[in-house]
Amino acid sequence: MIKIALKDIRIFLRDIKGLLLTFLLPIVLITLFGLAFGGLARNSAKDRPANIYVADLDSSAASIQTIQKLDSLDEIALTPISLAVGKENVMNGNKLAMLVFYQGFGDSIESGGTEPVELFYDDARELEANLIQYALISNLMEIMGSQSIRKKIMKSVNQRFPDIDSSIMANIEDEIALQFTPVSNKEDTLAAATTIGSQIGSLKVSPLARKKSIDWALIQSFAGTAVMMLLFGVAAIGSSLLGERDEGTLKRLLYAPMNPLQILFGKMLYSMLLATIQLIVMLAFTVWVLGLEINGNLFYVFLLIITTAYACASFGVFIASISGSRKQAESLATIVILIMSAIGGSMIPLFFMPAFMRKMAVVTINYWSIQGFFDTLGRNAGFMDIALSIAMLLLIGTAMTVVSAFLFRKHIYKVA
Amino acid sequence: MIEIRGIKKAFGKTEAVRGVTLTVSKGEFFGLLGPNGAGKTTTINILSTLLKPDAGTVRIGGYDVQREAAQCKQLIGVVPQELALYDDLSAMENLIFWGRLYNIKRADAAERSLEMLRLFELDHRRNSLLKTFSGGMKRRVNIAAAMIHRPEILLMDEPTVGVDPQSRHQIYQILAQFSAQGITIIYTTHQMDEVEKLCSRIGIIDHGKLIACGTLDELRAFSGDSQLIVVTFENIQPDKLEMLKKKFSQSVKIADDRLSFKTENVAADLPPLISRCTELGLIIRHVAIERANLETIFLSLTGRKLRE
C-alpha cells in the first residue's frame, strides 16, 4: 500500500504542470474569492452601500433618530419615500426593499412594547434581500435593542411591584441600564466591527472587537475553494486508477502477491497525503499572505484537515469505482463536484442560500468541511463544537470507502 | 511444474477456453501457439491467478492457483502483452518498484534491477525516464520487470509484439539463457518462427481447445509427417469444393478460396487432384507444395491459416 502511494508521489513530483495546478490554481482562486467576498478589502461597504427606501409613518424623535443612525452606516443608504409609492417601486423592481416605521414606533420603545417596523422586499431578489435583512436586523438591534429591552424590563417590574419605593425603583433602573449596554446583546453579531465607537442616545456603545479579528470572508474563500479544489484533485487521482487499468499496470499489480484492496488503499493513501499537503499549503498561504488570523486551536484545525482529506480521498476512489472508464470518471467527477460545491457552500456562502438549500447541503463534504473550518479558524470552537463536522466527514468518507472497496473487488478482475 | 486439468472459462456466451489439459515440466520452454482469440491470453490469465476458471484445476509448483494464489504468485513472473510500466519513472525506478511489490528489500531490488538492466543491455539508460525509450527498449524492460523477483516460471503473453528484429533477436537470446538456467517458460504467440526457434515443446490452441501438443517433430508426425498441396482458386464454388473434399476424403481441408491437401506422395496425388478440379470447372490460381512446418501443421489441423 505504502509502496504504491510512494510510487504515485514520485510520479506526481515529476509532473510540473500537475504540481502547479495542484498548488498554484487553488491559491489564485482563494485570492480571487477573497477579493470577491470582501475579505481582502474590509472598507468596501463604503463603496457599495445597499440602497433602500424608508417610509417613516411615525415621525417621532425615536424613529427619526433610528433612521439617521441607520443612514449613517457604511453598508446602508436610505431614501425617504411614501409608503404607497415605495411599495409600488419595490413591486416593480425599481428598488430592492423598503423599511417602514409604522405609527407608534417611538411610543413602543418608550413603553417597552413591540416595535412596529416592517421590511418589504422584491421577492425576485430574495438573495440580496436576505443580506439587507441581515444587516438591518443587526444594526437595528444595536440602535434600539438595548433601550427597548430596558424599558420592557422596567415595565414588567412596575407591573409586578406597583408599591415599590421610588428611590429603590431608581436604583433598579440604574442597575438595569448598566447591565443592558449593547455589549451583552451583540456579543456574537457579525456587524460588531462596523459599530465600534458609535454613540446611541444616552448609552455608550463600546467596541466589541474580539481578542483577534475574524475575517469570515477569508475563511469562506479558503475553506470553500480548498475543498472544491481538493475534490477535483482527488477525483483525478481516483480516475488514474482507471488509467492504470487502461495502460495495463493494474494487471501487473495484480500479478504481485498482494491483496487487490491494497491497490485501492494505496491510491487512497496517496490522495490523502496530497490532499493534506494541499490543504496545509492553502491555509498557510491564506494566513501568511492574505492575512487570515487563526482564532482556534491548531490541533483541531489539523484534525479537520486530515478528516477533510480522508473524505475527499474516499470521494476520488468512489468515483473511480462506479465509473466504467477514465473519461466517464472525469466527466462524472466534474458534474458531482460542481453540484456539491454549489450546494455545499464552496461557490456561494451558505448564509446566502434559502433554507431548503442549506438542508440539502448536509449531504456534501464541502458543507461539513466549511462548517468545521468556520468553527476552528473563526470561532475558537472546542472539540465538541467541531465533533459533528469531523464525525460527518468520517462517516461520509467511510461510507464511500466501503462501497468503493466492494465495487473494486467485484470488478477489478475484469482487467484480465 | 505446471499441471492444467480440464480448465474451462466462458465470458457470457463466449467459451474462451474449452477443457484445456496440459502439463509443463520444470525447465521446459513451452510455446502456446494459436490465432488471435484462440484462448491463449485467457489461459495465461488463469495461470497467473488473475482469472478463476469455471471448471478444472491448475497447480503451479504443487500449489493450487485458486486456493494458494499467494504462493503461486511468488513462483511466477508474468510478461503481459501491454507495456505495463510507468512512463514517468526511470527504468531503474520501475524495476525497483515492481521488485518491492514482491517484498524484496530496497537495496536488493536496486541490485537486481541493475543486474537485469545489464542483462538486457540497458544499464547505460538506467536513470532515463521510460517515456524516452524506444518500443523495443520498453519491451525489454517489460520482460526484466517480470524477472526481478527471480521467478521459477515465466509466463509470456506475446512479449515481442511491435519489437524491431534486432531487439527481438536479443530477447530470444536472453530467453534462451533463462531457459538454460532452468526457468520454466510458457510463451504464447501467433508467430510461428518464434516458437520454432525457441520452444522445446509446442501446444496448438484453437477455439479454446488444445488441438495438438508435442515437440515440432511430434507435431509433424501428428499431422502425418506429410507435405501439403495448397491450391488457391480463382472462382469459389462451395458445392464443387465439397464434391472435391468427398472425393479425397479426410486429406482435404477447405477454407475460403483455398484447398489444402495433406499427402505423403506429392507426385502420385497432385495430378488426379488437378484433373478433378478441372473436371469440376474450378479455375486454379496458384498451387504450392509445402513441407510441414507449424504453419502447415496448423493448416492441416484446422484448415485455416494461423493469422486468419
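By convention in this document, chain letters (A, B, ...) are assigned in the order of the sequence lines, proteins followed by strands, and residues within each chain are numbered from 1.
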Q) Are A:Met282 and A:Leu230 side-chain neighbours, meaning at least one heavy-atom pair lies under 4.5 Å? A)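 Answer yes - side chains close enough.
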At a heavy-atom distance under 4.5 Å, which candidate from [options] has the highest pair count against chain A?
options: B:Val79, B:Leu155, B:Leu83, B:Leu85; value: B:Leu85
options: B:Glu93, B:Gln74, B:His149; value: B:Glu93
options: B:Cys72, B:Gly77, B:Pro80, B:Ala70; value: B:Pro80
options: B:Val78, B:Asp88, B:Asn103; value: B:Val78

Pick one of side chain, backbone, both or neither for [X], based on which atoms fall under 4.5 Å of a heavy atom in chain A.
X: B:Ile76; answer: neither
X: B:Ala69; answer: neither
X: B:Gln81; answer: neither
X: B:Asp87; answer: neither

Q.
Need one label for A:Leu6: side chain, backbone, both or neither, based on atoms under 4.5 Å from any heavy atom in chain B.
A.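 The answer is neither part of A:Leu6.
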Q) Between A:Glu244 and chain B, which part of the residue has a heavy atom less than 4.5 Å away: side chain, backbone, both or neither? A)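 The side chain, not the backbone.
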**Q.** From CA spacing to verdict: ring-ring contact (aromatic ring centres under 6.0 Å, His included), B:Tyr187, B:Phe30
**A.** CA-CA 6 Å; B:Tyr187 191 98; B:Phe30 186 86; over 10 Å; no
**Q.** Test: B:Asp54 and B:Lys9 ion pair at under 4.0 Å
**A.**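 Salt bridge flag = yes for B:Lys9 with B:Asp54.
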**Q.** A:Lys7 NZ/CZ over B:Phe97 ring centroid, <6.0 Å and within 45° of normal
**A.**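 That pair qualifies as a cation-pi contact.
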(Q) Just checking A:Lys3: does its NZ atom have more than 12 heavy atoms from other residues, nucleotides or ligands closer to it than 6.0 angstrom? (A)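 Buried by this count: over 12 neighbours within 6.0 Å.
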Q: Among B:Leu175, B:Leu198, B:Asn142, find the one that has a side-chain contact (heavy atoms from CB on, under 4.5 Å) with B:Met156.
A: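 When B:Leu175, B:Leu198, B:Asn142 are each tested with B:Met156, the side-chain contact (heavy atoms from CB on, under 4.5 Å) holds only for B:Leu175.
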Q) Taking it one step at a time, do A:Trp368 and A:Phe373 satisfy ring-ring contact (aromatic ring centres under 6.0 Å, His included)? A) CA-CA 9 Å; A:Trp368 293 107; A:Phe373 280 119; over 10 Å; no
